[in-house]
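Here's the structure we're looking at; comments come further down.
Just so you know, these numbers come straight off a predicted model, no measurement behind them. If you read the sequence from its start, that first residue is 1, and numbering goes on from there.
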Amino acid sequence: MDFLKSIPQNEGYYFFDYYLISGASWKGAIAEETVTLKLDKSWRGHSLYSNYRDKLVQPDAMTYSYILRNAEPTENLYFALK
């Protein structure tokens, strides 16, 4: 719910998520996991919001990656594409 409160209101979005916390039930920390989101060029110029926006690596305008290293996930990745 905190994520929904963090995005601009009264706009239209596509919402999607990626479940990470299921990995917390594995034994020990995750050595490394990379989640990559590659948007089609038709989405160029649209805003992407995420609860991990500050931790996303953006190698190009249409690709976003989240890397988890030596950690146990505590929250899923949430996205809203305006």
Just to verify, what does Tyr52 make a ring pair (Phe, Tyr, Trp, His ring centres under 6.0 Å) with, not counting sequence neighbours?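 Here the qualifying residues are Tyr66.
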Run the ring pair (Phe, Tyr, Trp, His ring centres under 6.0 Å) test against Tyr64 and tell me which residues pass, sequence neighbours left out.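 In terms of ring pair (Phe, Tyr, Trp, His ring centres under 6.0 Å), with neighbours along the sequence ignored, Tyr64 is linked to no residue.
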Residues in side-chain contact (heavy atoms from CB on, under 4.5 Å) contact with Ser42, at least two apart in sequence or another chain: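 Counting only residues at least two positions away or on another chain, Ser42 forms a side-chain contact (heavy atoms from CB on, under 4.5 Å) with Asp40.
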Can you list everything that forms a side-chain contact (heavy atoms from CB on, under 4.5 Å) with Ser47? Sequence neighbours excluded, please.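 If we apply the side-chain contact (heavy atoms from CB on, under 4.5 Å) test to Ser47, skipping adjacent residues, the hits are Tyr49, Lys82.
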So do Thr74 and Glu72 actually touch side chain to side chain, heavy atoms under 4.5 Å?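 No; the side chains remain at least 4.5 Å from each other.
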Taking the side chain as C-beta and beyond, is there a heavy-atom pair between Asn51 and Glu75 under 4.5 Å?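 Counting from C-beta outward, Asn51 and Glu75 do come under 4.5 Å.
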If two hydrophobic side chains count as joined below 4.5 Å and joins carry through other members, does Val35 share a cluster with Leu39?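 Both belong to a single hydrophobic cluster.
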Connected via hydrophobic side-chain network under 4.5 Å: Met62 and Ile67: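 Unlinked, Met62 and Ile67 end up in two clusters.
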Which atom of [X] lies closest to which atom of [Y], heavy atoms considered:
X     : Y     : answer
Gln58 : Asp60 : CG-O, 3.0 Å
Leu68 : Pro73 : CD2-CD, 3.9 Å
Thr63 : Pro59 : O-CD, 3.5 Å

Are any side-chain N or O atoms of [X] and backbone N or O atoms of [Y], one a donor and one an acceptor, separated by less than 3.5 Å?
X     : Y     : result
Ser50 : Tyr78 : yes
Asn76 : Leu20 : yes
Gln9  : Leu4  : yes

Would you be so kind as to tabulate the donor-acceptor pairs closer than 3.5 Å made by side chains of residues 10-18, with sequence neighbours excluded?
from, atom 1, to, atom 2, distance (Å)
Tyr13, OH, Pro8, O, 2.7

Go through the side-chain N and O atoms of Thr36 and Ser65 and say whether any donor and acceptor fall under 3.5 Å apart.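 Note: Thr36 and Ser65 side chains meet the donor-acceptor criterion.
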Rounded to the nearest 0.5 Å, what's the gap from CD on Glu33 to CG on Asn70? Could you check?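 CG of Asn70 is found 12.5 Å from CD of Glu33.
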Looking at CG of Leu56 and CG of Leu48, how far apart are the two atoms once the value is rounded to the nearest 0.5 Å?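 Leu56 CG to Leu48 CG: 7.0 Å, rounded to 0.5 Å.
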Residues in salt bridge (charged side-chain N to carboxylate O under 4.0 Å, His left out) with Arg44, at least two apart?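 Residues passing salt bridge (charged side-chain N to carboxylate O under 4.0 Å, His left out) with Arg44: none at all.
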